[in-house]
Amino acid sequence: MSVVTRFAPSPTGFLHIGSARTALFNWLFARHHGGKFLLRIEDTDRERSTQEAIDAIIDSMNWLQLDHDKEIYLQSQFADRHVEVANELLAKGQAYKCYCTPQELDTMRAKATEEKRSPRYDGRCRNREESDLPFAVRFKAPIEGSTTIADLVQGDVTVHNDQLDDMVLLRNDSTPTYMLSVVVDDHDMGITHIIRGDDHLTNAFRQHHLYKAMGWDVPQFAHIPLIHGPDGAKLSKRHGALGAEAYRDMGILPEATCNYLLRLGWGHGDDEIISRQQAKEWFDVSGIGKSPARFDLVKLMNLNSHYLRETADADLVQRIEPWLNEKGFTLEGNKDILTRGMPGLKLRAKNLIELADNALFYLRSLPLPMDEKAQETLTPENLATVAKFVSALENQTTWTESALEEFARGFAETNDVKLGKLASPLRALLTGSTVSPSVFDIMSVLGKEATLERLRTTY
RNA sequence: GUCCCCAUCGUCUAGCCCGGCCUAGGACACCACCCUUUCAAGGUGAAGACACGGGUUCGAAUCCCGUUGGGGACGCCA
C-alpha cells in the first residue's frame with residue numbers, strides 16, 4: 001500500500017512554527033516512502049478562516065520548499081459530503097439529534113466542574129423525543145469497554161470509552177464540524193498516515209469510532225509532541241514563536257529552519273547537520289521522541305550561520321536583495337563586487353540581515369560614514385603611515401589578497417610598524433568600521449582603483 | 001477535577017525496546033587557551049545530566065512500582 005500523508009492547517013493565522021514542523025514530518029514521511037503528500041486547508045470554521053491566512057500558509061510552505069501533490073484542497077468544498085455522512089449515521093442510529101442550547105451546556109459543564117466531575121457532554125439527548133427545535137447532530141460513541149490506538153509515536157494508548165463523550169458532527173445550522181470533516185476527508189482522500197500534534201491524541205479515540213461506524217479502515221496515527229518555549233510552557237507569541245515567515249524575516253534560511261525543526265524531537269545518532277536528501281533517506285516516525293522539546297533560537301541561528309557558509313556566493317547575493325533594498329541600495333551593477341566579497345562576508349554573519357548590513361560598505365559612495373571607533377584609529381601618525389603605504393601601493397601590480405598581504409607585511413617590516421598598526425586605519429578608510437573581513441580581501445575585491453580612492457579620501 | 005502522555009548536561013539529543021562495552025557520547029550556549037590585521041570561522045581543553053524513593057538482578061540510565069515535577073485533552077474551535 002502506497003503512503004499518503006496530509007498537512008491540514010486551519011487558516012486562522014500564520015503558519016505556526018510547530019505546524020511547520022508537522023508539515024515537514026508529513027512531507028518527509030511521504031517522500032521517504034515515495035508516497036503522496038497532500039495539502040488540505042481546514043476552513044470549516046468560516047468565521048475565523050481568512051484568505052490572508054491561506055496565502056500566508058502557502059507562502060511559508062513554498063519558502064520551506066514543502067511541495068504538495070495534487071491541488072490544494074479546501075475542506076469547505078466537501079461540506080455536502082460531510083452532511084451526507086452525518087445523515088447516514090443518523091439513519092443508522094449511530095448519531096442522534098441534540099437539542100441542547102448553549103446555556104444548557106454551560107450549566108451542565110459548570111455543575112460538573114463544581115462537583116469535580118469531568119465537564120464532558122453527558123449524552124442527555126440520546127433518548128430525547130423528536131421536536132421542531134433546532135438541533136445539532138451528535139455521534140453516539142460507545143460507553144462500554146475501552147479503545148486502544150497503536151500510535152506510531154506514542155505506542156499503544158488505551159482509554160476507557162466512558163472518557164469519550166458524544167461529539168458534535170453537525171452544528172444546529174447543519175454545517176459540519178472539524179471532527180466529522182477530518183474523518184470523512186481523510187478517508188475519502190485515502191490518507192494512510194496521520195501525523196499531527198499530540199494535542200489531537202484524545203480526538204483520535206473518538207475519530208476511531210467514527211471510522212468504525214462508517215465501516216472504514218482506520219489510518220495509522222503518529223501524534224508528535226508539541227514544541228515548547230524556553231520556559232517549558234506551550235510555545236506562544238510571548239516566546240517569539242511566530243509564523244514561519246517571521247523566521248524568514250529574521251534572515252534565516254529555509255534550509256536551516258528545516259534542519260533545526262527536524263532535529264527538534266527527532267534524531268539520527270549524533271548527526272546534527274542533515275541535508276534534505278539525507279533527511280528523506282533517514283526519516284522515520286519511530287525516531288520521534290515522546291517528550292516535548294523547547295524551542296531555542298540561538299541554536300537555530302548557529303545552524304543558520306552554518307548554512308550561510310554553505311550557500312553559493314551568487315545565491316547569497318540574490319537572497320540579501322530585500323534587505324539591501326530596504327537600506328536604499330540595489331543589486332543593479334553591484335552583483336559582481338558583492339559576489340566577490342561574499343566569501344569573506346558570509347563567514348561573519350549569522351543571518352541574511354547581518355550579511356546585508358556587513359556588505360553595505362562595498363556599495364556606499366565616498367566619503368563613507370565613519371563610526372566613532374574607526375575615527376579614533378585615524379590619528380595623524382596612522383594617517384602618515386597610510387599615506388606612505390598608499391604611495392608604495394601605487395606600484396603594486398599583483399592585486400590579489402595574498403600578494404597584498406605579502407606586500408603589506410613587507411612594508412610594515414621595512415618601515416618598522418606593526419601590521420596591526422597599519423591595518424586598523426586601512427580598515428577604517430576602506431569600510432568606515434573597525435570590524436570587517438580581512439583588509440587585504442577587501443582591497444582585492446575593491447580592485448586597485450577603488451582601493452586607492454578610498455584610501456585617499458580624508459575624514 | 002477526570003483521563004492520557006512525558007522525565008539523561010542550561011538547551012537539543014545518543015544510549016533505553018534486546019540490562020553489563022556508560023568512570024553516560026555528540027551538538028548549541030558558556031569559560032580558557034591556540035591561530036590572528038579587527039570580527040568571525042577553525043583548533044584544543046574545561047565545566048556541565050541519568051528528577052526522587054523503593055524493588056527485580058551478580059549487575060539498572062536501561063525492567064517494574066510509587067512519589068514529585070512538567071505537558072496535553074476534556075467547545076455547536078480546529
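We name chains A, B, ... by the order of the sequence lines, and we start the count at 1 in each one.
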Just checking [X]: base, sugar-phosphate only, or nothing, at a heavy-atom cut-off of under 4.0 Å?
| X | answer |
| --- | --- |
| A:T175 | nothing |
| A:M179 | base |
| A:L169 | nothing |
| A:R138 | sugar-phosphate |
| A:D173 | nothing |
| A:T44 | sugar-phosphate |

Please determine, by modelled atom types, if A:D166 and A:Y96 share a side-chain donor-acceptor pair under 3.5 angstrom. yes
Do the ring centers of A:F25 and A:F283 come within less than 6.0 Å of each other? yes
Per-nucleotide protein contact string for nucleotides 9-17 of chain B, where B marks a base within reach and S marks sugar-phosphate only (heavy atoms under 4.0 Å, - for neither): --SBSS---
Per-nucleotide protein contact string for nucleotides 35-45 of chain B, where B marks a base within reach and S marks sugar-phosphate only (heavy atoms under 4.0 Å, - for neither): --BBBBSS---
Going by the rule side chain to side chain contact (heavy atoms under 4.5 Å, CB included), which residues pair with A:Q278 if we only count those two or more places apart in sequence or in a different chain? A:I274, A:S275, A:E281, A:W282
Base-pairing assignment for B:A73 (Watson-Crick or G-U wobble, both under 3.5 Å): B:U2
Watson-Crick or G-U wobble mate for B:A32, both contacts under 3.5 Å: B:U44
Please tell me if A:R206 has a side-chain N or O lying less than 4.0 Å from either OP1 or OP2 of B:C4.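 Indeed not, no polar side-chain atom of A:R206 lies that close.
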From CA spacing to verdict: side-chain contact (heavy atoms from CB on, under 4.5 Å), A:L422, A:F411: CA-CA 9 Å; A:L422 171 64; A:F411 175 89; 3.9 Å; yes
When you measure from the centre of the six-membered ring of A:Y121, is the NZ or CZ of A:R138 closer than 6.0 Å and no more than 45° off the axis?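 The answer is yes, since A:R138 meets both limits relative to A:Y121.
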Is the charged tip of A:R276 near the ring of A:W27: under 6.0 Å from the six-membered ring centre and within 45° of its axis? yes
Could you give the distance separating B:G26 and B:C63 at their C1' atoms, to the nearest angstrom?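 Rounded to whole Å, the distance is 27 Å.
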Could you tell me how far B:C18 sits from B:C65 if I compare only their P atoms? Round to whole Å.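 Those two atoms are separated by 15 Å.
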A:D199 CG - B:C4 P separation (whole Å): 18 Å
Answer yes when A:R409 and A:E413 have at least one side-chain N-carboxylate O distance shorter than 4.0 Å, and no when they do not. no
Restricting to non-hydrogen atoms, name the atom on A:T377 and the atom on A:N382 that form the minimum distance, rounded to 0.1 Å.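 Where A:T377 meets A:N382 most closely, the heavy atoms are O-ND2, 2.7 Å.
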Taking only the side-chain heavy atoms of A:V298 (C-beta and beyond), determine which of B:C28, B:A73, B:C76 contains the nearest atom.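 My answer, after comparing the listed nucleotides, is B:C28.
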Of the listed nucleotides B:C5, B:C74, B:A73, the one nearest the side chain of A:P119: B:C74
Between A:Q163 and A:H200, which has a closest nucleotide on RNA chain B that is more 5'?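 That would be A:Q163.
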